[in-house]
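Here is the structure we will look at.
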Amino acid sequence: MPLQNRVTPTSEIVAVSARGLLMGNRGCLHGPDRKLGVPRWRSKAWLCCVLAYKDVQRDPMPPGRWTALFFLDEATALAAGHRPCGFCRRASLAAFADAWRRARALQERPRAPELDNQLHSERVHSRTRRQLTRQAMLYTLPDGAMVRLDDATYLVVRGRLLRWSFLGYSEPQVFAPTTTVEVLTPASTVATLAAGYQPMIHPSARAMQLRVAVAIEKLQLSIAPTQRSAIGRNLSISNGFSPGG
């Protein structure tokens, strides 16, 4: 029976067997029976960590210490309101903080507590404790942001949407750039992504991009050489992917 420790982009913590690429924590959320109580965080430091660090063997639910949470990838963790850990992912946190600084035109890189306080104000409603979301047009969002549309959750990649699941991403879907979506990723994290932070994305997203690129290449080979360049260029623009992936 899987533990209740897998996090969705909507910040829910559920029990499924798949683990994902990253882990993290929000403090100790479980009791002696290894089941979660009512609270969904004990700290404002919602971290996103590597699965393995210096060959240390960890109990995912040590008594009274912390509850290990698992994410499909970093885009999922960011959407749920987490940020890179400064202990096991020091370089990633530095890159995240640098992009945050650029996005806000700050003179200095913000410290972790500053990130945590701002993110906490953007990720959960103070009274209902529900995830805070907002509306935006698709074309305004950077790669790595996560959204909800028609009760499905998606990753934004080059203007297209890849449907999220616990096992990975499905084929890119085309929507009009002006489509209004519900943005799950906190506003400051979206700005940080737009300023250049590159999160760790599940390999299935890349695989979907390659499938589009191969389809474009096959179509180009099936038509006259004089038409290939123009059609390839038009397909790249309409699909949001370059033929090179």
Side-chain angles (χ1 to χ4, degrees), residues 2-31 35-49 51 60-61 66-85 89 92-93 96 100 112-113 115-136 141-142 144-156 161-169 181-193 197 199-202 205:
L3 297 172
Q4 185 183 355
N5 59 5
R6 186 69 185 273
V7 184
T8 71
T10 56
S11 202
E12 298 172 276
I13 305 175
V14 299
V16 296
S17 57
R19 290 182 67 192
L21 300 181
L22 294 168
M23 63 174 289
N25 79 87
R26 306 173 183 176
C28 185
L29 309 180
H30 64 279
K35 294 183 179 179
L36 268 59
V38 175
R40 287 297 178 263
W41 68 86
R42 295 290 187 181
S43 166
K44 290 184 179 181
W46 293 20
L47 306 180
C48 177
C49 309
L51 289 177
M61 290 187 175
W66 60 292
T67 302
L69 305 173
F70 296 92
F71 312 94
L72 173 69
D73 59 8
E74 191 171 7
T76 303
L78 295 178
H82 291 244
R83 54 122 174 125
C85 173
R89 302 186 64 216
S92 295
L93 178 59
F96 185 85
W100 181 296
L115 302 177
D116 296 334
N117 287 332
Q118 182 61 36
L119 286 173
H120 200 67
S121 71
E122 297 178 4
R123 64 193 170 206
V124 291
H125 194 283
S126 60
R127 288 186 301 173
T128 66
R129 303 298 179 93
R130 294 180 180 273
Q131 184 185 36
L132 285 173
T133 64
R134 63 202 181 283
Q135 303 293 310
L141 299 174
M146 299 207 73
V147 303
R148 182 160 51 196
L149 180 64
D150 298 332
D151 296 323
T153 303
Y154 297 92
L155 171 71
V156 179
L161 298 181
L162 278 63
R163 188 165 183 166
W164 179 93
S165 76
F166 286 108
L167 298 178
Y169 297 99
V181 294
E182 181 183 8
V183 184
L184 304 176
T185 309
S188 290
T189 302
V190 170
T192 300
L193 292 169
Y197 182 70
M200 181 188 299
I201 302 297
H202 193 269

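Residues forming a side-chain contact (heavy atoms from CB on, under 4.5 Å) with A45 (at least two apart in sequence, or on another chain): S43, L47, R83, D116. Not a single side-chain hydrogen bond (donor to acceptor under 3.5 Å, both in side chains) links Q131 to another residue, sequence neighbours left out. In this view, V16 and R6, V14, F166 satisfy the side-chain contact (heavy atoms from CB on, under 4.5 Å) rule, not counting sequence neighbours. In this view, T192 satisfies the side-chain hydrogen bond (donor to acceptor under 3.5 Å, both in side chains) rule with no residue, not counting sequence neighbours. Partners of R163 by side-chain contact (heavy atoms from CB on, under 4.5 Å), not counting sequence neighbours, listed by chain and number: A152, Y154, S170, Q173.
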- When you look at Q4 and E12, which way does the side chain to side chain contact (heavy atoms under 4.5 Å, CB included) test go after all the steps? CA-CA 10 Å; Q4 185 183 355; E12 298 172 276; over 6 Å; no
- Task: Carefully, step by step, assess V190 and E122 under the rule side chain to side chain contact (heavy atoms under 4.5 Å, CB included).
- Result: CA-CA 11 Å; V190 170; E122 297 178 4; over 6 Å; no
- Task: Test side chain to side chain contact (heavy atoms under 4.5 Å, CB included) on L78 and L193 and set out the steps.
- Result: CA-CA 10 Å; L78 295 178; L193 292 169; 4.2 Å; yes
- Tell me, with the steps shown, if V181 and L141 meet side chain to side chain contact (heavy atoms under 4.5 Å, CB included). CA-CA 10 Å; V181 294; L141 299 174; 3.8 Å; yes
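Once rounded to the nearest 0.5 Å, the distance linking OG1 of T189 with CG of L115 reads 9.0 Å. For the atom pair SG of C48 and CG of N25, the computed distance is 10.5 Å after rounding to the nearest 0.5 Å. In this structure, CD1 on I13 lies 8.5 Å from CG on N5, to the nearest 0.5 angstrom. For the atom pair CH2 of W46 and OG of S11, the computed distance is 4.5 Å after rounding to the nearest 0.5 Å. Remark: L155 CG to L161 CG distance equals 8.5 Å, nearest 0.5 Å.
The side chain to side chain donor-acceptor pair (under 3.5 Å) pairs that include a residue from residues 144-153 are R148-E182, where partners are two or more places apart or lie in different chains.
Looking at every heavy atom in both residues, P199 comes nearest to G144 through CG-CA, 4.4 Å. Heavy-atom minimum distance, P186 versus G81: CG-CA, 4.0 Å. The heavy-atom pair separating A18 from L167 by the smallest distance is CB-CD2, 3.9 Å. Nearest approach of S121 to L132, heavy atoms of both residues: O-CD1, 3.4 Å.
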Donor-acceptor pairs under 3.5 angstrom involving side-chain atoms of residues 66-76: please list them, not counting sequence neighbours.
from: T67; atom 1: OG1; to: L29; atom 2: N; distance (Å): 2.7
from: T67; atom 1: OG1; to: H30; atom 2: N; distance (Å): 3.4
from: T67; atom 1: OG1; to: H30; atom 2: ND1; distance (Å): 2.6
from: D73; atom 1: OD1; to: A75; atom 2: N; distance (Å): 3.4
from: D73; atom 1: OD1; to: T76; atom 2: N; distance (Å): 3.0
from: D73; atom 1: OD1; to: T76; atom 2: OG1; distance (Å): 2.8
from: D73; atom 1: OD1; to: Y169; atom 2: OH; distance (Å): 3.3
from: D73; atom 1: OD2; to: Y169; atom 2: OH; distance (Å): 2.8
from: D73; atom 1: OD2; to: H202; atom 2: N; distance (Å): 3.0
from: E74; atom 1: OE1; to: R89; atom 2: NH2; distance (Å): 3.0
from: E74; atom 1: OE1; to: Y197; atom 2: OH; distance (Å): 3.4
from: E74; atom 1: OE1; to: M200; atom 2: N; distance (Å): 2.9
from: E74; atom 1: OE2; to: R89; atom 2: NH1; distance (Å): 3.2
from: E74; atom 1: OE2; to: R89; atom 2: NH2; distance (Å): 3.3
from: E74; atom 1: OE2; to: Y197; atom 2: OH; distance (Å): 2.5
from: T76; atom 1: OG1; to: W164; atom 2: NE1; distance (Å): 3.0

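When atom types are taken as modelled, the side chain of T185 and the backbone of M146 share a donor-acceptor pair closer than 3.5 angstrom. Here the side chain of R42 pairs no donor or acceptor atom with the backbone of G27 at under 3.5 angstrom.
A heavy-atom distance below 4.5 Å is not found between the side chains of L184 and V147.
A donor and an acceptor atom, one from each side chain of R26 and H82, are located under 3.5 Å apart.
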